[in-house]
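For reference, the structure is listed below as structure tokens.
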Amino acid sequence: MIPAKIDRQLLRVQKPARYAGGEMGSVMKNKEEVDLRFAFCFPDLYEVGMSHLGMKILYSLINDQPGMWCERVFAPDTDFEAILRREGIPLYGLESFDPIREFDVIGFTLQYEMCYTTVLNMLDLAGLPVRSADREDLWPLVIGGGPCACNPEPIADFFDLFQLGEGEELMLEMLALCRRAKEEGMTKPQFLRLAAQIPGIYVPSLYDPKYNSDGTIQEVVPKEGAPARVQKRIVKDISKMFFPDDFVVPFTEIVHDRAMVEVLRGCLRGCRFCQAGYIYRPFREKDPAVLDTQARALCGATGYEEVSLTSLSTSDHSRLEGLMERLLPWTTEKKVNIALPSLRVDNFSPRLLEMIQKVRRSGLTFAPEAGSQRLRDAINKNVTEEEVLATARTAFEGGCTSMKLYFMMGLPTETMEDMDAIITLAQKVVDLYYSLPGKPKGRGVQVTISVACFVPKPHTPFQFEPQDTLEAFRAKQRHLLETVTSKKIRVNYHDASTSRIEAILARGDRRLSQVVETVWREGGNLEGWDEHFSVERWNAAMEKAGLWGDFYACRRRPYDEVLPWDHLDYGLTKEFFVRENKKAWESQTTENCRRRCSGCGANYLLGGACFEADASVL
């Protein structure tokens, strides 16, 4: 039941369902039977966090353990935050409405660099000091994980520890140590020293970065027995991995309001800009029979009329058509739509299109990433213009009348001719549609191109590259708009100022913790949303700290420079990234992992080869 003090306030906010809890599928437990409480915090609004599959998996995993209770916590929007602060209501878990400062563990999933100030705001709303050093007691333990943990240095001062890599096994090992710490009455330093010995756990307070006179890192020194390098964790067999058979079903609309099953992990493509494609290696597929069982269970438990086959590149599943043949009989009968959000143009077949449109026709989305073949080769996209157009033909002949194409600007080696090629390719797709004799009568085509600003990320071959200046980005954006001549082409692009701060934080070092804190104290919060973001606030905080944004965002790193994340091992060698970076500047491609091993190093995480030799793909 909602406490009266909170209940009275809910009708005063725009979306009270965000804060009311009680949804179908939420887990309630008897507090008398619980000895370990976990607050799973998503540092963004409810409708974003409730769409995240990783949170759903770990929420169910922890609650599946006897004596453990995991509750959901989301960032309040500004209207409810004002009420919480005015009424003295601390941030609470949606299941019990208890203040999260009373929990044992507060865990944040870090999906995007622009959420960092929101993390601090949520800790403050909980009534906790934001810096780890100021939280002397062990409980609540504040931990972080997710993709941004691959370089957590800009927020290292706020967390007690980070979990690197996949959490299904690592989380339970850490929580077992938490139980032991409670039983033995450990101090915070005692616990952190033991936690640092668990593979995959990084305790930033046990590492001291040393700097050169030019501001670069000289070395990162471990202390008190902490390992020199911390290696990420993976689940080797994802078909046997825990996966929930039920989801919390929200009362209000969320971003991705559907059932989701994870069909594979990792990516075999090696696009040189894509952090996710590297930090989630090695590539592992889930068995189609397991996926069918999981999809049936979720749709049956939740009542969802759409199931998404989720991954970085779903069409790379070697048995995708066989999986679709398993799913289609019952999804067609129950009128459940199947969504495939991550498709490749080089393995998209008419048969696959026919399958995914049996229930509901919709537009398709593909990501050529670059307009010219030279630049696609430089970024190792391994997609040709002929494949893009062939895929468009397949989609149009199958009845599609809209298509979204994703591109990036500011990629290494890019020229203005490459920008022209984006519009040229989009126009060719439009022209192709009108050249087809079987196109739908009376219906025009709409091609939407979305162009993101390139952000160099850690643990990628482009981690050494500079980002374009703001002036260069804006000139390219203007050029794009001026180049479009057809009303059938719609152009969207990202805010370059946000991408600039994202680049600073992505490759930043520990000195940026002061900057993040200053931005938050000056009002920074929910900065993944344009209306809350202020580049001026970030620039002022950088200046106050005596740091220069171009040093982090626009500087090329020498191959031998010690990078802030070099002591965090994601299974990929720096030598591999150097090789791939050099190949980019020569516009040389690297074959996908099924065809030939590129020697990235990720196979060691599996204890052997990632793939068996298969003559059918050679």
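As the structure is a prediction and not an experimental result, all values here were calculated from the model. Excluded from the calculations below are hydrogen atoms, water molecules and symmetry mates; all remaining heavy atoms, backbone and side chain alike, are included.
- With sequence neighbours left out, Phe158 forms a ring-ring contact (aromatic ring centres under 6.0 Å, His included) with no residue at all.
- Glu262 is linked by a side chain to side chain donor-acceptor pair (under 3.5 Å) to Arg265, counting only residues two or more places apart in sequence or in another chain.
- Residue pairs that meet the side-chain hydrogen bond (donor to acceptor under 3.5 Å, both in side chains) test with at least one member in residues 233-242, sequence neighbours left out, are Glu173-Arg233.
- Residue pairs meeting the ring pair (Phe, Tyr, Trp, His ring centres under 6.0 Å) criterion with at least one member in residues 223-263, sequence neighbours excluded, do not occur.
- Evaluation of the side chain to side chain donor-acceptor pair (under 3.5 Å) rule for Lys31 yields Asp98 as partners, not counting sequence neighbours.
- Here the closest heavy-atom approach between residue Leu309 and residue Leu323 is recorded as CD1-CD2, 4.0 Å.
- If you check the side chains of Asp44 and Tyr112, you find no donor sitting under 3.5 Å from an acceptor.
- Of the N and O atoms on the side chains of Trp520 and Asn121, at least one donor lies less than 3.5 Å from an acceptor on the other residue.
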Result block: side-chain N/O donor-acceptor pairs under 3.5 angstrom for residues 100-108, not counting sequence neighbours:
unit_1 : atom_1 : unit_2 : atom_2 : d
Asp104 : OD1    : Lys182 : NZ     : 3.0
Asp104 : OD2    : Arg37  : N      : 2.7
Asp104 : OD2    : Lys182 : NZ     : 3.3

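- With sequence neighbours excluded, the residues forming a side chain to side chain donor-acceptor pair (under 3.5 Å) with His567 are Tyr202, listed by chain and number.
- Among residues two or more places apart in sequence or in another chain, the ring-ring contact (aromatic ring centres under 6.0 Å, His included) test is passed with Phe162 by Phe159.
- By the side chain to side chain donor-acceptor pair (under 3.5 Å) test, Lys15 pairs with Glu47, sequence neighbours left out.
- Contacts of Glu224 classified as salt bridge (charged side-chain N to carboxylate O under 4.0 Å, His left out), with partners at least two apart in sequence or in another chain: Arg193.
- Under the rule for a ring-ring contact (aromatic ring centres under 6.0 Å, His included), the partners of Phe42 that lie at least two apart in sequence or sit in another chain are His52.
- For residues 62-95, the ring pair (Phe, Tyr, Trp, His ring centres under 6.0 Å) pairs, not counting sequence neighbours, are Tyr19-Phe80, Tyr46-Phe74, Tyr92-Phe97.
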